[in-house]
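Accompanying notes for the structure given below.
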Amino acid sequence: MRHGAVEGMQDMSEVVERWGSRRAFIIAVTGAAVGLGNIWRFPWMTGENGGAAFLMLYVVFLVLLGLPVMIAEIMIGRAGRRTPIQALTHLARDAGKSRHWGWLGLFCGVTLFFILSFYSVVSGWSIEYLVDALSGHFASQSPQEIGSAFDAFLASPGRVLFNHTLFLFLTMSVVALGVGGGLERLNNLLMPLLYLLLVLLVGYAFTTSGFTAALAWLFMPDLSALTPMAIFNAMGHAFFTLAVGAGALMTYGAYMPDDQSLPRAVVTVAILDVAVALMAGIAIFSIVFSQNMAPDSGPGLMFVTLPIAFADLPGGALWLGAFFVLLLLATWTSSINLAEPMVAMLGSLGMARWLAAVLIGVGVWLMGLPSALSFSIWSDVRPFGDMTLFDLATTLPIDIMLPIGGLLIAFFAAWVMEGTRASMAIGAGERFYRHWRAVVRWVSIPLLVVVLVGFFLS
Ligand code: PFF
């Protein structure tokens, strides 16, 4: 066994397979981390929440919450060596605590369900853009035309739904057939190309008139931009981008070899992950400022700016096509990672894999409808204030459910589990364990509680 697949984990017995090497683990977790969060959501959120102020908060949350909780989550998987529900139940029982901790695994499954529902819709947008790019559609268009073409696309329910359906079908087929490992290997092979294309984009951004403004926007904080919403979004994003808080990483931990240090692996993944977001941010905001666009133009930011950039480059259609191919591959593997634990959970109840995949697929498709139709026939549906259905479908799982899941995972790891067992599973020595536990107990958990309570009271 090499990558991410959890096939065969249908009973309470321990998994025995291990990643082939240190690198295999890091590459696989980076595959789950890098996705729409970095290239699509990071620039969108940064644009909406005041630029550098948001970036600063996001980095603070990444260090104080994202990394410590990521260690907690992978450690639980590594110590339990089972699917999330079983690992939590088993570890709680061994520590003489309530078996009800297994419910946390179920909560994680529900979070994954909600995330996948909008993830599939947005990945569908990328399919549309891949086809448009390869057909040379953008080459002859002005930036204004490219901007309005995106709005027109979103306003067409048929096209959005078709792509959502196609993407979800591709995801669930891979999960049903249990061939996720092969796809992940392909992704791992091609991932360096995504980095290369981003470097190329940053190089292009350097030649535009908006480059300096983009750097200032991203790196010179205007503290007056720190609204409660910015704090809240930055916290959710720190979890989302690292794929932390939904139990998906427990599965990875279950296959981690005994002799690997977890903290080092986690820091490497975080650096690789942030690098993608920063490169995407620099490229996208350079285009925003050189085209006099508004940085806060919402979830369409990436889809409007990148075609403009590539249209300017020689062979742009092909480059843009290549970019969307790589992005789709990255989102495809991320969405398989989102779906797999849910299918494995149903599998552990005795359901056949294909049936579990069909049921989850149909459920996620239906749950994706509000996101898909939020820009067309349901654009006027605003259940809370002026939040659209799409805002709701992204905010609820990312900004609320992931932090709550992260909080419970952190609490379990630092207060419920047996210390020696946790320390062994982190694999970085007793001293590191004690420092980590102190950070989780006295910094991460209180910070999470304060921000979450603050949000609900505001
Ligand atoms: N980290 C992924 C991204 O940034 O696109 C999203 C994600 C994948 C979140 C898997 C959670 C997860 F379990």
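Keep in mind the model is a prediction, meaning the values are calculated, not measured. As the structure lists them, so they are numbered: ligands from 1, and atoms in each ligand from 1.
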Next on the checklist: Quick check: Tyr58 with Phe42 (ring centres under 6.0 Å apart)?
Outcome noted: yes
Checklist entry - Taking both backbone and side-chain atoms of Val244, is any N or O found less than 3.5 Å from an N or O belonging to ligand 1? => result no
Checklist outcome for this item: Closest non-hydrogen contact found for Pro84 with Thr251 is CD-OG1, 4.2 Å
Item to check | Asp273 heavy atom under 4.0 Å from ligand 1 | outcome: no
Checklist entry - Any idea which atoms of ligand 1 are less than 4.0 Å away from a heavy-atom of Leu112? => result 13 (F)
Checklist entry - Would you say Thr241 touches ligand 1, if touching means a heavy atom closer than 4.0 Å? => result yes
Checklist entry - What do the steps show when you test Ser123 against Leu36 for side-chain contact (heavy atoms from CB on, under 4.5 Å), and what is the final call? => result CA-CA 8 Å; Ser123 301; Leu36 287 173; 3.6 Å; yes
Item to check | Main-chain N/O of Leu369 paired with His164 side-chain donor or acceptor, under 3.5 Å | outcome: no
Item to check | Backbone or side-chain N or O of Leu242 under 3.5 Å from ligand 1 N or O | outcome: no
Checklist entry - Should you measure from each heavy atom of Ala33, which atoms of ligand 1 turn up under 4.0 Å away? => result 1 (N), 2 (C), 3 (C), 4 (O)
Checklist entry - Checking side-chain hydrogen bond (donor to acceptor under 3.5 Å, both in side chains) for the pair Asp391/Thr388: CA distance, chi angles, key distance, verdict? => result CA-CA 5 Å; Asp391 291 335; Thr388 62; 3.2 Å; yes
Item to check | Numbered atoms of ligand 1 (with element) below 4.0 Å of Leu36, judged on heavy atoms | outcome: 5 (O)
Item to check | Intermediate values then yes/no, ring pair (Phe, Tyr, Trp, His ring centres under 6.0 Å), Tyr204 and Trp319 | outcome: CA-CA 12 Å; Tyr204 163 77; Trp319 287 113; over 10 Å; no
Checklist outcome for this item: Here the pair of heavy atoms bringing Ile282 nearest to Ala214 is O-CB, 4.1 Å
Checklist entry - Nearest protein heavy-atom contact for atom 13 (F) of ligand 1: which residue, which atom, what distance? => result Ala248 CB, 3.1 Å
Item to check | Structural part of Ala32 in contact with ligand 1, heavy atom criterion under 4.0 angstrom | outcome: backbone
Next on the checklist: Assess the residue pair Tyr129 and Trp40 against the criterion (ring pair (Phe, Tyr, Trp, His ring centres under 6.0 Å)); give the C-alpha distance rounded to whole Å, side-chain angles, the decisive distance to 0.1 Å, and a yes or no.
Outcome noted: CA-CA 13 Å; Tyr129 267 59; Trp40 164 71; over 10 Å; no
Checklist entry - Is Leu402 touching ligand 1 with its side chain, its backbone, both, or neither, if touching means heavy atoms under 4.0 Å apart? => result neither
Next on the checklist: As a check for students: among Tyr119, Phe240, Trp40, identify the option with a heavy atom nearest to atom 5 (O) of ligand 1.
Outcome noted: Tyr119
Next on the checklist: For a side-chain hydrogen bond (donor to acceptor under 3.5 Å, both in side chains) check, start with the C-alpha distance between Ser348 and Thr83, then their side-chain angles and the critical distance, and finish with the verdict.
Outcome noted: CA-CA 9 Å; Ser348 66; Thr83 56; 5.1 Å; no
Checklist outcome for this item: ligand 1 atoms nearer than 4.0 angstrom to some heavy atom of Leu338 are 10 (C), 11 (C), 12 (C), 13 (F)
Next on the checklist: Could you tell me, atom by atom, which parts of ligand 1 come under 4.0 Å of a heavy atom of Asn38?
Outcome noted: 4 (O)
